[in-house]
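Data first, discussion second: the structure below is written as C-alpha cells.
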Amino acid sequence: MLRHRRRLDAFFVYLVISGVSTFASALMFTVLAVYYVSAVGMNPFQLVLVGTVLESVILLFEVPTGVVADTYSRRLSVIIGTVILGAAFVLEGAVPLLAGVLAAEAIRGVGETFLSGATDAWLADEVGEEQVGRAYLRAAQVGRGVGILGVLASVGLASVQLALPVILGGALYLALGVFLALYMPERGFRPAPQAERASWRAMFGTFSAGARVVRASPVLLALLAVNLVGGAASEGFDRLWEAHILLDFSFPSLGALKPVVWFGIINIGTAIVSMAITAAFQRRLDTISQSSRSTARVLLVLNGLIVASVIAFALAGSFALAFAMLALKAVLHSLSGPLYSAWLVQQTGPQTRATVLSIGSQSNALGQTVGGPVVGAIGTFFSLRAALAVAGALLAPTLVLYARTLRHAGLNGDAAVAAEVRSEGALGEAERRA
C-alpha cells in the first residue's frame, strides 16, 4: 500500500507539471509573436534570431546540464529548469526590448536543457516503466483541455496588455517551481556510476558510435537528412507566420473585440481540426506504419502537400485562404509527425535507439540554427511573403529524400539488424574511451 501510495503521489505531481506547463505555454505562445512585433518592434530577421539564440544555447548546454540529472538528482534538475524558465519569461515580458528578449531566450535555453529528459527519467524512476504510458496518456488528455483554456485566457489578457500573458505565464512557472520544491517526491533515483555519467568525452564517443549506425543504413541517413532540412524550414515558418498574418492581412471584424482574438481562434481551430482528423485516421495510420514502403509513399505525399500549403499560405491574397492553408498544414503535420517518428524508431535496434534519436534531435536543431537566419534575412530585406515561400521551398528536398528511401524501404529490417551488429563494437569502443 505504501509503495502504491508513493506512485500515486508521483503520478499526481506529473499531471500538475504537465497541466501547469501546458496552460502557461498556451498562455504565452498564443500571442508571443504579436508581442514581439507590436510591443518590441522586431523585424523578420530579429524574430528568427530569437530562435537561433535559443537553439544555440540548447546545443551548447545539453550535455553539461544533463550531468545534474544523472549525478545529483532528477528532481533537482526539474526544479532548476522550471524556475529558470519562469524567470526567463518574466524578464521577456517585463523588458520589451530586443536585448531583453534575446537575454531571456538565452536564459530559457539553459532552463530547457535542465528539463530535457529529466522529467521523463524522474517519472520512470518514480512510477515504474509499466505506468509511464498511462501517465503520458492522462497528461495528454489534461493538456488538451487546459491548452484551450490557456489560449482563451491569453487572448483575453492580451486584449488588455500584450505583455500580461507572457509575464503571468512566467509567474506560473515560478509558482510551479515552488510547488515542486515542496511536494515533488524522489524515491526511485539511483545516481549513475561514475563511468556512465555524462561528459564531453562520453558525448563524443556516443556520437561516434551512433554515427556508425546511421552510416550503415541508407534509410536512416535519409530520415536524418529530412530532419535537418525540416529544421531549416520550420524555424523560419514558425517564427514568421504570425507576423505575416498580422502585417499582411486585414482581420475580419469581430465587433468590439481586438484583432489579437483571431490568434486564439486560429490556434483553437487548427488544434480541434487536427485532433479530429488524426483520430479519424488513427487506425489507418497504425496499419500504414507497419510497412516501410507504405510509410515512405504516404510521407512523400503528405510532405508534398505540406510544401504546397506553406507556399500557398505565403502567397495567399485573402485572410480566408491564408487561414485555410494554415489549418491544412497543421492537419498534415499531425498525420506525418507520428508516421515519421514510428519509422525512425523502426530503423534502429534497442542498443542504439537512444543515440540515433538524439542525433536526429541535434540535426533538427542544427537545421534551425543555420536555416532560420537565412529565412529571416529574406523577410527583412525583401518581404514576409518571400521568406515564407523560401521556407516552403526549403522543404522540397524532403520529397527527393523520401523518394530515394522507397528503393531501400523493403530492406529496413536488414538495415536495422546490420546497424545493430556494427553498433555493438562501436559502443564498446566508445565506452572504453569514455
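Note that the structure is predicted; figures quoted are calculated from it, not measured.
- In this structure, CD1 in Ile17 is found 5.5 Å from OG1 in Thr119, a value given to the nearest 0.5 Å.
- Trp122 places no side-chain N or O within 3.5 Å of a backbone atom of Ser73 that could act as its donor or acceptor partner.
- For Arg74 (side chain) and Leu123 (main-chain N/O), no donor-acceptor pair under 3.5 Å exists by modelled atom type.
- Listed by first and then second residue, the side-chain hydrogen bond (donor to acceptor under 3.5 Å, both in side chains) pairs involving residues 151-180 are Ser25-Tyr173 (not counting sequence neighbours).
- Atom CG of residue Leu300 and atom CG of residue Leu401 lie 10.5 Å apart, to the nearest 0.5 angstrom.
- By the 4.5 Å heavy-atom criterion applied to side chains, Leu247 and Leu384 are counted as neighbours.
- For Phe237 and Phe313, the ring centers are positioned less than 6.0 Å apart.
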Using atom types as modelled, flag every donor-acceptor pair under 3.5 Å from a side chain in residues 97-104 to any protein atom, sequence neighbours excluded.
none

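- Listed here is the closest heavy atom pair of Gly230 and Leu395: CA-CD2, 4.0 Å.
- Judged as a side-chain hydrogen bond (donor to acceptor under 3.5 Å, both in side chains), and not counting sequence neighbours, the contacts of Glu112 are Arg108.
- Under the side-chain hydrogen bond (donor to acceptor under 3.5 Å, both in side chains) criterion, the residue pairs touching residues 27-38 are Tyr36-Glu92, with sequence neighbours excluded.
- Between Asn43 and Val37, every side-chain heavy-atom pair lies at or beyond the 4.5 Å cut-off.
- By the 4.5 Å heavy-atom criterion applied to side chains, Ser336 and Ile306 are counted as neighbours.
- Between Pro165 and Ala158, the shortest heavy-atom distance links the atoms CG-N, 3.8 Å.
- Residue Leu115 comes nearest to Val78 through the heavy atom pair CD2-O, 3.5 Å, listed as atom of the first residue, atom of the second, then distance.
- Considering CD1 of Ile245 and CG of Leu240, their distance stands at 12.0 Å, rounded to 0.5 Å.
- Between the side chain of Ser309 and the backbone N or O of Leu328, no donor-acceptor pair lies under 3.5 Å.
- Residue Ile378 holds its CD1 atom at 10.5 Å from CG of Leu388, rounded to the nearest 0.5 Å.
- Residues Pro252 and Phe319 form a side-chain contact, since some pair of their non-hydrogen atoms from C-beta on lies under 4.5 Å apart.
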Side-chain donor-acceptor pairs under 3.5 Å in residues 51-60, sequence neighbours left out?
from	atom 1	to	atom 2	distance (Å)
Thr52	OG1	Val48	O	3.2
Ser56	OG	Thr52	O	2.7

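- Summarising the geometry of Gly177 relative to Ile79, their closest heavy-atom pair is O-CG2, 4.1 Å, with the distance given to 0.1 Å.
- Across Val166, Leu162, Leu164, a single residue satisfies side chain to side chain contact (heavy atoms under 4.5 Å, CB included) together with Leu157, and that is Leu164.
- One distance of note links CG of Leu174 with CZ of Phe89; it measures 11.0 Å at 0.5 Å rounding.
- Residue pairs meeting the side-chain hydrogen bond (donor to acceptor under 3.5 Å, both in side chains) criterion with at least one member in residues 231-247, sequence neighbours excluded: Glu235-Arg239, His244-Asp248.
- Gly170 and Val90 get closest at one heavy-atom pair: C-CG2, 3.7 Å.
- Note that CG of Leu332 is 11.5 Å distant from CG of Leu299, once rounded to the nearest 0.5 Å.
- Ala389 approaches Ile311 most closely through the heavy-atom pair O-CG1, 4.1 Å.
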